[in-house]
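Reviewing the structure listed below.
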Number of protein chains: 2
Amino acid sequence: MKRKSLEGSTCSVARTLDIIGDWWTLLIVRDALNGLTRFGEFQKSLGIAKNMLTQRLKQLVEQGILAVRPATDGSAWNEYVLTEKGRALQMVLVALSQWGGEYLFDSKEKCNILVDNKHHQPLRKLTLQAQDGRTITPDEVVLERSTVPAE
Amino acid sequence: MKRKSLEGSTCSVARTLDIIGDWWTLLIVRDALNGLTRFGEFQKSLGIAKNMLTQRLKQLVEQGILAVRPATDGSAWNEYVLTEKGRALQMVLVALSQWGGEYLFDSKEKCNILVDNKHHQPLRKLTLQAQDGRTITPDEVVLERSTVPAE
DNA sequence: CCGTATCCATTCCGATACTG
DNA sequence: CAGTATCGGAATGGATACGG
């Protein structure tokens, strides 16, 4: 009995988790955002088994999150680079990172966090805003059926 | 051979994914944010197998994301409510939802999205900001070893 | 260096039956 | 209604061997 797919769910959270809600995928995206492109780089960075990595990279390419291109260094192999769709996942990683930094680390503990590359200061904590820019509190947010907002 | 734990990782993304990086956990949190509290409510909403749900609820309680309290309706059972730590995951869900809404749905397709409960308008898209409030672009962000920022 | 293929243990997950 | 227990198939994930 296979896992129940949420591909057809009308909930944008569920449909997203169906694609990236596994254990490795977002870590690969994280590394890709950090500039890694090569199979071996990912493998070394993550300590992931090769067959797992092969599988995940393939899925990410199928989903249009990564693109494959021939290596620029003259070797015969592939490089994996994020598409715009993939780069957009950075916001998810920022949210995860801020939550983890706040709740999973002791105050004295070293922790890798996201900083802006100009001043090397941590990013400001994400805030929820209504359409008009007003800052809203978490309890003012509700999940509702609607159409996708025009961007 | 067991799964390699990322519990001790110094990366806040990795350590977070070690806890909530599975297929069901964030969906349970989503439902909890929507006000569900009872075992049966989660089970019905998610279509999850009971043994899976039991296991996930237990882990969430152990992690301090959910708290158990006796039912307020006089029945003999438990209610599962989010702690502050759990409610803070809302930001992660917002990020996931916005990404999915943008990249995984056709423009005409119905999609559950997050709205503010006053005007029932979709939330504004999350933006990255530097410590000083300046809006920054994704490529200005870098993962760096540091201590946790004081909140 | 880049993968593919295979083996094997563990885990996931759904279905079902059962208890209170 | 709220779980617990168990079964079995599928997927996960690590180790290793192999070929380009």
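Reminder, nothing fancy here: chain letters follow the sequence lines and each chain counts from 1.
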ask   = Would you call Asp73(A) and Arg38(A) a salt bridge, taking side-chain N to carboxylate O under 4.0 Å as the test?
value = yes

query = Who else is in the cluster with Ile136(B) when I, L, V, M, F, W and Y are joined by side-chain contacts under 4.5 Å?
reply = Met91(A), Val94(A), Leu114(A), Leu123(A), Leu126(A), Leu128(A), Ile136(A), Val141(A), Leu143(A), Met91(B), Val94(B), Leu114(B), Leu123(B), Leu126(B), Leu128(B), Val141(B), Leu143(B)

Value in whole Å for how far the P atom of dG3(C) lies from NZ of Lys58(A) = 11 Å

ask   = For dC1(D), does OP1 or OP2 lie under 4.0 Å from any side-chain N or O of Ser75(B)?
value = no

dC13(C) OP1/OP2 closer than 4.0 Å to side-chain N/O of Arg56(B) = yes

request  = Could you work out which one of dG3(C), dC13(C), dG3(D) sits closest to the side chain of Met52(B)?
outcome  = dC13(C)

inquiry  = I need the NZ-C1' distance between Lys4(B) and dT10(C), as an integer number of Å.
reply    = 15 Å

ask   = Which part of the nucleic acid, if any, lies within reach of Gln43(B) when heavy atoms closer than 4.0 Å are counted: base, sugar-phosphate only, or nothing?
value = nothing

Cluster overlap Trp24(A) with Val81(A), hydrophobic side-chain contacts below 4.5 Å = no

ask   = Which heavy-atom pair separates Arg15(B) from Leu104(A) by the least distance, and what is that distance?
value = NH1-O, 2.8 Å

task = May I ask you to decide whether Asp132(B) forms a salt bridge with Arg124(A), counting only side-chain N to carboxylate O separations under 4.0 Å?
result = no

ask   = OP1 or OP2 of dG3(C) less than 4.0 angstrom from a side-chain nitrogen or oxygen of Tyr80(A), does that happen here?
value = yes

note = For DNA chain D, the expected dot-bracket line (Watson-Crick or G-U under 3.5 Å, [ ] crossing, | inter-strand) is ||||||||||||||||||.|

ask   = Any side-chain N or O of Asn51(B) less than 4.0 Å from the OP1 or OP2 oxygen of dG3(D)?
value = no

Any Thr54(A) side-chain N or O less than 4.0 Å from OP1/OP2 of dT4(C) = yes

key: Lys118(B) bridged to Glu140(A) by N-O distance under 4.0 Å   = yes

message = One thing to verify: whether Glu102(A) and Lys125(A) come together as a salt bridge, which I'm taking to mean a side-chain N less than 4.0 angstrom from a carboxylate O.
response = yes

request  = Report whether Val61(A) and Trp77(A) are members of the same hydrophobic cluster (ILVMFWY, side-chain heavy atoms less than 4.5 Å apart, transitive linking).
outcome  = no

ask   = Under 4.0 Å between a Lys/Arg side-chain N and an Asp/Glu carboxylate O for Arg134(A) and Asp116(B)?
value = yes

key: Residues touching DNA chain C, which here means a heavy atom under 4.0 Å, drawn from residues 12-42 of chain A   = Arg38(A), Phe39(A), Gly40(A)

